[in-house]
Amino acid sequence: MELRRIVRPCFNIHKHFAHSALRGRNGLEGARNVCHRVHDKRAYSSGTASSLEREAVPLPQEARVVICGGGILGTSVAYHLTERGWTDVVLLEQGSLTCGTTWHSAGMVGQLRNNTIEMDVTRYSRDLFKRLEEDGHGLGWKECGSINIARTHERMIDFKRKHALASAIGFEVHMLTPREVKEKCPLLKSDDLEGGLWIPSDGVVTAPDVAMAFSKLAKSKGVKIIEGVKVQKIQTQNDAVKAVKTSNGKINCEYFVNCAGQWSREVGKLSIPKVRVPLHACEHYYLVTKPLEGVDRMMPVIRDFDGYISTREWNGGILAGGFEPEARPVFHTGVPDKFEFQLLQEDWDHFQILLEQVLHRYPVLERAEIRQLVNGPESFTPDSNWILGESAEVDHYYVAAGMNSRGIVGSGGIGKYMAEWIIDGQPSIDLWQYDVRRYVGHHNNRQFLQARMREVLGQQYSLRYPGVEHRTGRKLRTSPLHTRLEVSGACFGETMAYERPMWFDPDKRDRGEDVYNHQGSFNKPAWFDIVQAEYVACKERVCLIDMSSFAKFEIKSPGKEALEYLQYLCSNDVDLESGSIIHTGMQNVLGGFENDCSIARLSDNCFFMICPATQQTRASSWLHRHLPPDGSVQVRDVTSMFSGINVIGPHAQQLLADVTDVSTDKKDFHVMTCKVIDVGHAGGIRAMRLTHTGEDGFILYIPSEYTLHVYDTLVDAGKDYGVRNAGYYALRHLRIEKSFAYWGLDINAYTTPLECGREFRVKFDGDDFIGKEALVKQKKEGVGQKFVQFILENFDVDDDVWPWGNEPIFRNGRYVGKTSTCGYGFTLNRMVCLGFIRDCDESAQPKMNPNIYDYVMDKNAVYEIDIAGRKYLAKPGIHTPKLALSVVDPSLLASLYK
Amino acid sequence: MLKCVRHYISKKHKGQVDILTEWIKTRSRTVRYFSVGSHSNERSNPSIFTVGSRHYKGLDDSQSPRLTPHQVTTILRLNETSIEENNGAIRGFETNQLRSNNPIEDRRGEAKLPHGNKYLFGVYDGHAGCACAQALNERLFNYLAVALSPSEVVERVKNGEIDLDKELLHWYHGGVEYRHSELRELYAKSLRKFARENLTNFSDDQYVPDILMQAFLRLDEDIGSEALPVTTNTVLNGNTSSVLNTELLTIAFAGAVACVAYIDGTDMFVANVGDCRAVLGVNKGADNWEAKELTQQHDANNESEVNRILKQHPNESNNVIKNGRLFGDLAPFRAFGDVRYKWHAKDLKHIMNTNRFPHSFISVYGDKLLPNNYNTPPYLIAEPEIKYHQLSPKDKFLVLASDGLWDMISPEKVIQLVAGHMDGRQVLVNFDLPRENMTLGAINQLLTQRKKSFANKTVDSNVATHLIRNAIGQDHLQLSAQLTLPNSISRFYRDDITVTVVFFDSDYIMDNVT
């Protein structure tokens, strides 16, 4: 079935055209024409000749880095490694350079994204393309600008949010009226538009020419680029890269970089242990028209998100492609090896939805003649983000793949940051949302990928509201309470495929609505009142919250090794009495949070560690990488063995007392201690007196098979206490109001304990630990950024667009940072935003400030937060507002800062 | 249960036997846990389990489908036939049958007269067993062929010089399987006699409806007379075996309704006896379809039929139609066979007297073989109502089906389903640009047209199967339930279904309509 769909239109090698005089500014077009029609004899024969006379580069026996894949990514990584001085690099390509998907890329370079990190990448790429073009490398760079257009009011909000963020970081972007859109692109129908965004510095390139330029530059610095060589095995020793076995022999190497594009998932299986690279190819379409009157060469790229389409000028005609809402995955049984310069059978019926929109936007195209419809495979990932970084499974095994059709625009920056990652061990910006370690095993399941891909392609353009979930591949990992909670009206959200109740709305279920997918909004969300009720119940009574998704690890050893090991990894002092719990970060050498966890010392040499669900792969990788080589310490991922119930609220103590034998009185069961107790008829429950939000309560880690019993026991016993279910949003609002930072949302590998007010959790006087040096330095010299809670003034919670994160923060009119998480403070009765702000010097570089507190809290400083184009006055705070703690038992306050 | 499934396995479908055998094995292990009771439960409480819904109340066996979708499809397709003809007005036809009775009591036949573009399509629905329907299938087309063929052909029939199955008629899908080889001889003899008389009365300007009428009536007459008691039987001359005799009686006492379409060029005649129906799908432009009925059902719902019977039997109105049935027993008011409503009382009494032994063919009637107040036979006729229709380019297809289909879905719905199916079938083929240098606007127009058709994309490529699937179930659960009904109750849920859909070639009709 799959094979039948493949057409083999092309017998020549494209690169020939990228360099030959045949090109001119329409290099790729020329190549395509030949690829599909094979009319031009000269091109055909010379192309064939060149493939036969492929330069025979002997395979070296040694190399520092071996890159697999000669597409835009592989060549860019090679080029950027040489830029950093690493030239002992071999790039292997099984076919010819660019023959996978790079050659049929449309080459649009759009820099505007909804987060500054990705814009760091795209802006770098664009600047690089421009520079290389100016240096005469012939990338086909054309700075025609681009216009994103909006058909709806909601889309305009999205534009305004992006506009606010982009402008704040100094990226030129303008809001346009429909009339202005029309002026910039007269062919376009504009009377149904709400407006547009003009990005003057955007442009287009000829994608394969970019790859050829990278490759040429890399080669000139000594990189060996070898085509026609297939990687067969990545040999490992002690779970680290040792050598690469190929169809032409073996290369011993230190680093391996998997840039194999749509083959990456398969290449991931070529090592022991296997490396997960969850991506899957989909059909991806564009059409090219014949030259058309009125099409200007400098016509801007148009992105009509609400019509799923984008267009650019192409050889006097229009190239129009897009992202249809329901995609079609291909290659279910793996990508064929010899899929070189090939396209898929085009399916006009499938393309029609895009064609209709193209004609709607450009009525003039009704009369245009078709030159070609291109259906090329393109790989997508479960969350439509790139897959970058060092794999969790094998040391020095790097991945850069899964471009989700943002490969060309990503290539420059990705190459740069991958080079940093390989050389420095960490890139200079936080790429966590693209990190290969954000996945767990199921993400690589092919059936799952197929299901998810149908949805992911369309998400490149669809309007994505905050907190909206994927509709496919759901209900995969569920806690033992799942069915019970579903019946009780849980509305679920997914993290790491784990279904977590976000809030409870039995009416929604009774109305027959989907409790796994939720209507999104930029404004006050539909769950507001419900979450408020849950919040209040947590503060005033007692709630049960399913915490099963948290990642859990057991660390033990025969002697003191586990303790020593953890002392080295943790910045807080883990050497406590048995039965105690400690909150601690695990820092990297820069002092940033690799992980943020709670560790309970179950016995002298046995520790139980809880960390965010998103840490499951990353934490495991970090722990395993630092294990002592003698095998004395055992680390076990016990996430699936235990489920978690948070019994939270002032009545939690009494409720638990009613169902267990041990005393839950605070003097017997101290805050931040852990006891193994019975609940109801069940035993072996690890009860921890802590919550993650500052309320009194317990988190019970229960052997999975007892979970239902324990839950039912608590529900029965809790009737008179008014016990109820609560979801994650209640937790989130509780902790945001108290200014508690969460790993992955507020803090990350680039923020230190000193920057987020947690120096009290750092053992400056204790044992050595990773990152201690950096933290000591910060303690001495100060920090360049500080975690701050802002309370918005004059914010109308009912009518205003809400902050959802990534809103720029201004201090005295100057951009100093952006929000990370936001929520409504139900006790403060104000909108609350969290985020880091920086103290920067004139050149916008953060400077170390020993008195950052004074800088932040300066009475004369005026803070404003821009939410979708409207600036709100914001009051800063560094500590938990007293009011937010108002209902908490005062005796608990001390424990918060333990 | 086992028996019913085996019935589905015909010799022609050995490939599917494995699947079914496997299924039979599983069923035979579990079937004893299910009683008829669980079925009635299923009907009374069908909403607990909705297929495709996320919220079902657990996996209750009695609410679960017993067949997989693949098995359902296999069963539904067992008897389907698809013929592409592309000759004259006939583009082709598709047929299928699904049994409810065991064995099935419906029959069907499709044949071409070798002389000219003349086609015969027949659907027969037997009652009181399949014997009479089987006989119609074996014989009626021969009678029609004799009546419709040129005299030289009839001459050869008369002389027994013609291979009836190969030369007189060209049968589709293998022709008729005869039930009894001795009967075949007898039938041939009767046919020769009919040919002889036909030649005697032969004239070139005979009116086609009269010809059809004559063949129908003659066959029914022969069915009756061949079975008459030996003493009065002129055909057999008293020297037939008693087995054969019983066989003939079985046929004559059973009954069958018939609907035959005869298409000659653009002339179409539909001859109908009983309650089968023929409906024409007429396209009135775009998606507007008319279901044009070419038949009237001869039953109690048909006022003119009721009047006809009451008029013929003026003093028996209290008795002759009771509960909408002839003598409270027979639903169709016209039928072949059913001699207990046609013969003289004395003949019937003779049969009763000579067949009073256990398991005789009349034992099913008990003492009621002879209806009460049986005063003025015949009460039942096999006279067809004949409708002529000149095919127009708007006539796209003809649906012939037994009442098993019409009981489940209306003619309008049937026409819609077939029209949709025609539409949906177009998109089974990948779209290629019909010509070079097309404009995007033109391409989009074509694609938009196809897009509508996608909604009609169907599981079954055979339209008769498509109709049967839609007739018996809305979803897989219903289909599975319908197809696993035990023999004992199946007939309460549905009748045997036979569907033949004939597709017309509008271009031919356009060129040839006079």
Side-chain angles (χ1 to χ4, degrees), chain A residues 4-5 7 37 285-290 292 309 311 317-320 324 326 344-373 375 471 474-475 482-483 486-487 489 492 499 508-517, chain B residues 45-61 63-64 68-70 73 286-287 419-459 461 474-475 477:
Chain A
R4 197 174 56 75
R5 292 190 60 80
V7 292
R37 304 246 156 82
Y285 285 84
Y286 61 78
L287 69 72
V288 187
T289 72
K290 292 183 179 170
L292 201 68
I309 54 160
T311 58
I318 298 269
L319 180 154
E324 62 276 16
E326 191 71 21
L344 302 166
Q345 168 86 54
E346 69 269 28
D347 179 344
W348 278 96
D349 294 314
H350 190 71
F351 182 70
Q352 194 272 340
I353 185 167
L354 299 179
L355 177 59
E356 189 165 80
Q357 296 297 332
V358 170
L359 294 175
H360 171 79
R361 187 53 59 211
Y362 296 96
V364 63
L365 289 186
E366 287 275 347
R367 285 173 295 141
E369 285 181 17
I370 175 84
R371 174 172 233 147
Q372 195 191 346
L373 179 64
N375 177 15
R471 64 171 201 279
R474 293 294 300 279
K475 224 176 159 178
H482 187 85
T483 314
E486 199 177 23
V487 169
F492 292 97
E499 297 292 351
K508 181 168 167 131
R509 195 178 55 95
D510 292 346
R511 286 194 301 271
E513 289 172 27
D514 187 349
V515 298
Y516 293 87
N517 288 286
Chain B
N45 202 359
S47 62
I48 293 174
F49 187 107
T50 330
V51 173
S53 158
R54 260 187 173 150
H55 306 288
Y56 48 83
K57 295 186 177 169
L59 301 171
D60 176 356
D61 266 348
Q63 309 297 342
S64 301
T68 66
H70 180 74
T73 298
D287 296 332
H421 188 268
M422 285 169 72
D423 212 13
R425 200 151 46 174
Q426 289 167 11
V427 294
L428 294 174
V429 185
N430 208 33
F431 178 84
D432 276 328
L433 288 183
R435 57 181 191 276
E436 291 277 304
N437 305 328
M438 280 187 79
T439 64
L440 295 185
I443 294 172
N444 192 41
Q445 229 169 23
L446 287 177
L447 293 175
T448 312
Q449 200 59 42
R450 276 169 68 83
K451 200 165 145 192
K452 281 188 208 147
S453 310
F454 270 105
N456 293 320
K457 202 171 167 181
T458 55
V459 194
S461 67
Q474 298 307 308
D475 57 32
L477 201 62

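Order of the sequence lines fixes the chain letters, A, B, ..., with proteins taken first and strands second; residue numbering starts at 1 for each chain. Note that the coordinates shown come from a computational prediction; the quantities given were computed from them, not determined experimentally.
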[atom1]-[atom2] distance between [X] and [Y], expressed to the nearest 0.5 angstrom:
{"X": "B:L446", "Y": "A:Q352", "atom1": "CG", "atom2": "CD", "answer": "10.5 Å"}
{"X": "A:E346", "Y": "B:L433", "atom1": "CD", "atom2": "CG", "answer": "7.5 Å"}
{"X": "B:T448", "Y": "A:D349", "atom1": "OG1", "atom2": "CG", "answer": "10.0 Å"}

Can B:L447 and A:F351 be said to form a side chain to side chain contact (heavy atoms under 4.5 Å, CB included), step by step?
CA-CA 9 Å; B:L447 293 175; A:F351 182 70; 5.7 Å; no
In terms of side-chain heavy atoms, does B:T439 have a donor or acceptor partner in A:E366 at a distance below 3.5 Å?
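Per modelled atom types, B:T439 and A:E366 side chains form no pair under 3.5 Å.
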Under 4.5 Å from a heavy atom of chain B, the part of A:L365 involved:
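Answer is both: backbone and side chain atoms of A:L365 are under 4.5 Å from chain B.
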Residue among A:V364, A:I370, A:I318 satisfying side-chain contact (heavy atoms from CB on, under 4.5 Å) with B:L440:
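Output: one option passes, namely A:I370.
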Which heavy atom of A:K290 sits nearest to which heavy atom of B:N437, and what is that distance?
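Looks like NZ-OD1, 2.6 Å.
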List the steps and the verdict of side chain to side chain contact (heavy atoms under 4.5 Å, CB included) for A:E356 and B:K451.
CA-CA 12 Å; A:E356 189 165 80; B:K451 200 165 145 192; 3.9 Å; yes
